[in-house]
Amino acid sequence: MANVSLVTEFFLLGFSDVPELQTFHGVLFLLLYLATLVSNLLITALITLDLKLQTPMYFFLRSLSLLDVSFVSVPVPNFIIDSFTHNNSISILGCAFQILLMTSFAAGETFVLTAMSYDHYVAICHPLHYEVIMNSRVCALMAGASWALGGLFGAVYTAGTFSMPFCGSSMIPEFFCDIPSLLRISCSQTPIVVYVSIAIGMYAGVSCCICIVISYVYIFSTVLKIPTTQGRSKAFSTCLPHLLVFTVFMLTACIVYLKPPSSTPSVLDRLLSVIYTVLPPVFNPVIYSLRNSDMKWALIRLLQRLKAKNFTSISNSKCLCL
């Protein structure tokens, strides 16, 4: 360990070291971030304000939108600021907070998507008992457990990663702090707690996948027995967006974290990280709202209320002037 200097801060390589390209990347990510923010917060507002959307399915969708906003708000704003200021350094504490929050929100999103699959299973396979099984207390408990388990997993993962010193290169070949890069520049052997947390994470991920697959086996077998084409179409339009969102999220995560490690990550590796961190929160609202008539009508009702409110306020102001 002689002549080994400990790392006190990290440098995120991002996508380019050319200032003009950094600014371009910052603008591009800013537009993507604003689109994610507006779309997910709009879904959250519609579900919160519209009484016709006060159902378990939309309760979990609101939780998913909040997790999407939280997840993308950890690395992207920091990258945007770094791109505009051309300063790509991040402290060890800042890196730890990034990993803690991103891991917690990603795990929480996985659990919420699993809870949504159970909600779809009960709604389609046991419709007569749906309101009894999926009551407000059960929904709140499932959502709260998803957030809590995600936070616990993130805390364990982060504590294990930052319990070891870092030395040598301080370069992280991503636009955010990621655990594989940190493990490559650690001075000591990987602590057992990291292996335990990885095993727990893989077990939880596989378990969620198995639960969702089993749910959809029962769902599809029930849907195919529906005699009317309209009934089958309605059931599929409810379930397929959720299945698509889960597939995109898990597939991109597996590509990023299960690919063979590389000492010199390529631009393709960084683009895969973008697909994992940015694209799911951007496209989730589109997937859920594009063919969802309930969300469209909720938006129309909200616009009508706002229009009526503005008209009333204008009328009142004219009366006061008279």
Side-chain angles (χ1 to χ4, degrees), residues 1 3-17 22 25-26 29-30 32-33 36-37 66-110 146-198 200-201 204 253 256-257 261 263 265 269-270 273-274 276-278 281:
M1 293 296 294
N3 297 326
V4 174
S5 58
L6 296 180
V7 174
T8 57
E9 65 177 356
F10 302 107
F11 294 92
L12 305 174
L13 292 183
F15 303 98
S16 175
D17 55 0
Q22 290 178 353
H25 295 149
F29 271 71
L30 177 61
L32 289 174
Y33 179 65
T36 304
L37 210 61
L66 291 174
L67 281 166
D68 277 338
V69 169
S70 302
F71 178 74
V72 79
S73 295
V74 177
V76 174
N78 181 75
F79 174 72
I80 294 171
I81 295 173
D82 290 348
S83 298
F84 289 147
T85 60
H86 310 299
N87 178 19
N88 61 348
S89 64
I90 185 172
S91 65
I92 289 183
L93 184 61
C95 190
F97 271 113
Q98 269 199 358
I99 289 180
L100 170 64
L101 295 176
M102 290 185 68
T103 307
S104 299
F105 294 140
E109 186 162 342
T110 303
S146 299
W147 284 77
L149 289 174
L152 178 62
F153 176 71
V156 172
Y157 217 145
T158 305
T161 303
F162 286 88
S163 64
M164 54 188 178
F166 303 99
C167 58
S169 174
S170 59
M171 295 293 180
I172 295 179
E174 295 287 353
F175 70 97
F176 62 93
C177 287
D178 69 319
I179 292 178
S181 297
L182 292 175
L183 295 179
R184 281 196 293 266
I185 61 176
S186 64
C187 300
S188 58
Q189 292 183 342
T190 305
I192 188 66
V193 68
V194 175
Y195 290 117
V196 171
S197 59
I198 291 174
I200 294 174
V256 171
Y257 288 101
S263 57
D269 294 329
R270 299 172 200 173
S273 298
V274 174
Y276 165 65
T277 55
V278 179

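All residue numbers refer to positions in the sequence shown, counting from 1.
A distance of 10.0 Å separates CG in N87 from CD in Q22, rounded to the nearest 0.5 Å. Going from atom NE2 of H25 over to atom CZ of F84 covers 12.0 Å, rounded to the nearest 0.5 Å. Between I90 atom CD1 and L12 atom CG the span is 5.5 Å, to the nearest 0.5 Å. Distance check: L100 CG to F153 CZ gives 11.5 Å after rounding to the nearest 0.5 Å. Note: D178 CG to T103 OG1 = 10.0 Å, rounded to the nearest 0.5 Å. Rounding to the nearest 0.5 angstrom, the gap separating the OG1 atom in T110 from the CG atom in L149 is 11.5 Å.
Nearest heavy-atom pair across F71 and P281 is CD2-CG, 4.4 Å. The heavy-atom pair separating C95 from I172 by the smallest distance is SG-CD1, 4.3 Å. Closest non-hydrogen pair, I99 versus C177, comes out as CG1-O, 3.8 Å. S104 approaches G154 most closely through the heavy-atom pair OG-CA, 3.5 Å. Considering all non-hydrogen atoms of both residues, V278 and F29 come closest at CG2-CE2, 4.0 Å. Closest of all the heavy-atom pairs between S73 and L37 is OG-CD1, 4.3 Å.
When the side-chain hydrogen bond (donor to acceptor under 3.5 Å, both in side chains) test is applied to D82, the partners found at least two apart in sequence or on another chain are N78. Contacts of Q98 classified as side-chain hydrogen bond (donor to acceptor under 3.5 Å, both in side chains), with partners at least two apart in sequence or in another chain: none.
Ring geometry for F175 versus F79: interplanar angle over 60°, hence perpendicular rather than tilted (30 to 60°).
No more than 12 heavy atoms of other residues, nucleotides or ligands lie within 6.0 Å of CZ in F97, so this atom counts as exposed by the packing criterion.
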